[in-house]
Protein chains: 2
Amino acid sequence: MNDRLTTEDVHRYFPEFVEPGLLQVIANEGRIHRFAEGGVIMDYGNYVRMLPLILEGTIKISRQADDGSELFLYYLTRGESCAMTFSCCMAAKRSEIRAVAEEDTVILGLPQPKLDEWMMRYKSWKNFVMQAYDQRMNELVRTIDQVAFQQLDERLADYVSKRAAIREDRTILSTHQAIADDLHVSREAISRLLKTMENRGMVALGRNRITLLQPS
Amino acid sequence: MNDRLTTEDVHRYFPEFVEPGLLQVIANEGRIHRFAEGGVIMDYGNYVRMLPLILEGTIKISRQADDGSELFLYYLTRGESCAMTFSCCMAAKRSEIRAVAEEDTVILGLPQPKLDEWMMRYKSWKNFVMQAYDQRMNELVRTIDQVAFQQLDERLADYVSKRAAIREDRTILSTHQAIADDLHVSREAISRLLKTMENRGMVALGRNRITLLQPS
DNA sequence: TTCCCTGTGTGACCCGGATCACCGATTGGC
DNA sequence: GCCAATCGGTGATCCGGGTCACACAGGGAA
């Protein structure tokens with residue numbers, strides 16, 4: 001199985017990369033890695049030595065408290081990269097987050113030592129990295145808004161619609177417990193709220209399955 | 001009153017800037033702005049057209065919910081800059097945050113159009129910007145940790161010691177109401193918790209005054 | 001001094017979500 | 001088809017913090 005991309009592939013996945021030299025080095029240096037759904041791409045405390053560009057699939061990024069409990073932060077999907085990882089790469093720090101494949105996922109891993117150099121050489125790379133930081137920063141601020149300002153019912157509604165959007169499907173396959181973990185609340189609270197959402201005709205519930213009924 | 005810095009000044013405030021050309025353009029393009037304690041440097045919704053480098057003083061960055069209530073995010077102090085602002089500059093977006101002078105503060109404002117160009121020309125500028133993003137990202141994650149995982153008593157203790165550290169003084173001048181706003185909780189909760197901290201010998205309380213007793 | 005305003009202390013009650021306990025329903029393995 | 005494990009539903013109770021009400025204290029202004 002081939003673990004490289006051609007320059008044409010790189011350009012197809014990332015049309016924002018325009019310099020031929022950049023396409024060339026990404027094709028040369030990048031290595032393809034595949035993860036099955038649920039596969040742990042990076043865990044809390046790991047050292048990070050490569051930057052993942054997502055070619056296919058979706059990655060779930062979450063934060064872990066010291067006691068092991070989690071909090072969902074955001075999804076990354078095709079064409080995106082992970083600014084938190086970039087930051088860890090640069091400083092040779094341990095990861096502060098956990099990344100898990102939400103579905104079968106293919107990434108292109110770029111070796112840490114080159115990334116910084118490319119910033120000054122290729123404008124479109126620099127823009128890509130800056131934009132990645134930007135987007136993640138905004139996601140983090142929105143996460144703070146949610147945790148600090150919103151009630152659980154709103155958070156749950158947002159979570160469900162976001163997760164449905166990622167799947168491009170109105171049905172989510174997940175247990176109440178898994179959702180509770182992501183939102184860092186109790187399973188009972190989620191069960192009760194989902195029930196009231198069902199009573200209001202917002203969702204249909206089944207074992208391991210939630211279907212959005214209302215257009216969000 | 002002079003509103004410029006010499007290249008020597010720039011180098012003194014920001015020893016990490018090494019390229020003579022960089023020192024020169026910063027000295028040429030930068031304009032000094034002064035804010036009294038409590039002055040609003042940037043408000044939610046403003047357009048951002050300059051990047052502030054902090055020369056003296058401290059700036060408090062906070063997030064505002066739609067209903068006007070706030071949440072303290074972090075402090076910026078001398079030698080630092082504001083990545084959120086940088087991000088807004090680049091995208092010509094409205095500010096997502098509010099910046100208020102925590103004490104009398106002097107900043108050097110750099111004009112938005114030049115910043116991006118410097119990234120590719122001056123390595124030490126690029127490193128400075130990347131490091132700024134990094135630090136803010138980490139602060140945001142730590143804020144999320146606090147809001148999501150910690151109890152109010154811990155959050156308050158952290159807040160008090162952080163604020164004392166910024167002042168380099170064991171005494172904080174602030175009302176309970178102001179603290180409650182920063183932590184986005186009720187005044188009564190803060191009053192009660194401070195009282196129990198006083199009973200435990202952790203702080204001494206006075207009108208508009210909190211003094212840390214225990215070494216943190 | 002007196003008055004008033006702001007800041008603080010405190011009780012009573014409310015409410016969302018946590019926790020505990022337990023039951024029933026679904027499903028996968030055999 | 002049976003069993004065990006997992007998943008979901010639901011009541012009881014607890015607890016942290018919000019909200020309301022009000023009393024009191026300190027300090028500045030006249």
Is a side-chain donor-acceptor pair under 3.5 Å present for [Y] with [X]?
{"X": "B:R187", "Y": "B:S191", "value": "yes"}
{"X": "A:Q150", "Y": "A:D145", "value": "no"}
{"X": "B:N127", "Y": "B:E16", "value": "no"}

Open item on the list: Test: salt bridge (Lys or Arg N to Asp or Glu O under 4.0 Å). Region: residues 90-106 of chain A. Which pairs qualify, not counting sequence neighbours?
Closed with: A:D43-A:R98, A:R63-A:E96, A:E70-A:R98, A:K93-B:D134, A:E102-A:R163

Open item on the list: At a heavy-atom distance below 4.0 Å, which nucleotide of DNA chain D is the first touched by chain A, and which is the last?
Closed with: D:dT6 to D:dA12

- [ ] Indicate whether OP1 or OP2 belonging to C:dG7 is found under 4.0 Å from a side-chain N or O atom of B:H176.
- [x] no

TODO: Residues of residues 185-192 of chain A with any non-hydrogen atom less than 4.0 angstrom from an atom of DNA chain C: list those, numerically ordered, please.
DONE: A:V185, A:S186, A:E188, A:A189, A:R192

To the nearest Å, give me how far apart [atom1] ([X]) and [atom2] ([N]) are.
{"X": "A:Q151", "N": "C:dC15", "atom1": "CD", "atom2": "C1'", "answer": "10 Å"}
{"X": "B:I179", "N": "C:dG9", "atom1": "CD1", "atom2": "P", "answer": "11 Å"}
{"X": "A:E154", "N": "C:dG16", "atom1": "CD", "atom2": "C1'", "answer": "14 Å"}

Within the distance-only criterion (no hydrogens, no angle test), does the side chain of [X] pair as donor or acceptor with the backbone N or O of [Y] below 3.5 angstrom?
{"X": "A:R136", "Y": "A:C82", "value": "no"}
{"X": "A:T105", "Y": "A:T58", "value": "yes"}
{"X": "B:W125", "Y": "B:L115", "value": "yes"}

Task: Residues which pass ring-ring contact (aromatic ring centres under 6.0 Å, His included) with B:F72, listed by chain and number, not counting sequence neighbours - done: B:Y75, B:Y159

Task: DNA chain C: 5'-proximal contact among A:Q150 and B:K195 (nearest heavy atom) - done: B:K195

- [ ] Assign A:L194 to base, sugar-phosphate, or nothing according to its heavy-atom contacts below 4.0 angstrom with the strands shown.
- [x] nothing

TODO: Could you tell me whether A:E198 and A:R192 have a side-chain N and a carboxylate O separated by less than 4.0 Å?
DONE: no

Open item on the list: Checking B:R12 now: which residues fulfil salt bridge (Lys or Arg N to Asp or Glu O under 4.0 Å) with it, not counting sequence neighbours?
Closed with: B:D9

Task: A:F17 ring center within less than 6.0 Å of A:H11 ring center - done: no

Short heteroatom pairs, N/O only, protein and nucleotides 26-30 of chain C, under 3.5 Å:
residue, atom, partner, partner atom, Å
C:dT26, O2, A:R207, NH1, 3.4
C:dT26, O2, A:R207, NH2, 3.2

